[in-house]
Amino acid sequence: MSFAETFKALSDPARRKILELLKSGRLSAGDIAGQFDMSQATVSYHLKILKNADLIRETREKNFIFYELNLTVLEEIMVWLSELKGDA
């Protein structure tokens with residue numbers, strides 16, 4: 001994981017909203033797309049950025065793709081920020 005990729009992924013409000021949606025559990029790509037006023041292709045692009053940054057994982061089941069948070073990466077970021085701040 002690269003912090004640069006992670007922070008780039010987090011810099012977009014749409015991608016942050018996707019992460020917020022996934023807090024409650026895994027969602028299909030269609031369920032995620034239904035929350036936005038943008039094309040399916042644009043939502044797929046944002047999902048790809050989040051996946052490349054390891055912030056989300058995808059699981060394929062039959063004709064559906066489900067996405068869920070990858071909490072490991074988020075925890076690593078929190079630890080790094082905490083160390084940077086000096087909270088030990």
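Values reported hereafter were calculated over all heavy atoms of this structure, with side chains retained and with hydrogens, waters and symmetry mates removed.
- Under the 4.5 Å side-chain contact rule for hydrophobic residues, Phe66 and Leu50 do not share a cluster.
- Note: the hydrophobic cluster containing Leu21 also contains Leu71 (ILVMFWY, side chain heavy atoms under 4.5 Å, direct or indirect links).
- Within 6.0 Å of CZ in Phe7 there are more than 12 heavy atoms belonging to other residues, nucleotides or ligands.
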Original post:
What do the steps show when you test Leu55 against Thr6 for side-chain contact (heavy atoms from CB on, under 4.5 Å), and what is the final call?
Top reply: CA-CA 7 Å; Leu55 290 167; Thr6 302; 4.0 Å; yes
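- The two residues Tyr67 and Ala29 come nearest to each other via the heavy atoms CE1-CB, 3.8 Å.
- Minimum heavy-atom separation, Asn52 to Glu5: O-OE1, 3.3 Å.
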**OP:** Please lay out, stage by stage, how Leu10 and Leu19 fare under the test side-chain contact (heavy atoms from CB on, under 4.5 Å).
**Re:** CA-CA 9 Å; Leu10 292 171; Leu19 295 175; 3.4 Å; yes
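- Within the model, atoms NE2 of His46 and CG of Asp12 stand 4.5 Å from one another, a figure rounded to the nearest 0.5 Å.
- Both Leu74 and Leu81 are assigned to one and the same hydrophobic cluster, defined by single-linkage of ILVMFWY side chains at heavy-atom distances under 4.5 Å.
- Hydrophobic clustering of Ile, Leu, Val, Met, Phe, Trp and Tyr side chains at less than 4.5 Å, counting indirect connections, unites Trp80 with Leu69.
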Only distances under 3.5 Å count here; give the side-chain donor-acceptor pairs of residues 32-42 to other protein atoms, sequence neighbours excluded, each with its distance to 0.1 Å.
unit_1 : atom_1 : unit_2 : atom_2 : d
Ser39  : OG     : Thr42  : N      : 3.1
Ser39  : OG     : Thr42  : OG1    : 2.9

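- One hydrophobic cluster, built from ILVMFWY side chains closer than 4.5 Å, cannot hold both Met78 and Val73; they sit in different ones.
- Sorted by first then second residue, the salt bridge (charged side-chain N to carboxylate O under 4.0 Å, His left out) pairs that include residues 17-29, not counting sequence neighbours, are Glu20-Lys23, Arg26-Glu61.
- Contact check for Tyr45 versus Arg15: side-chain heavy atoms found under the 4.5 Å cut-off.
- Paired with Ile56 under the rule side chain to side chain contact (heavy atoms under 4.5 Å, CB included), one option of Ile49, Leu47, Asn70 passes, and it is Leu47.
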**OP:** Might you work through the side-chain contact (heavy atoms from CB on, under 4.5 Å) test for Glu68 and Leu22, ending with a clear yes or no?
**Re:** CA-CA 6 Å; Glu68 62 186 328; Leu22 293 173; 5.5 Å; no
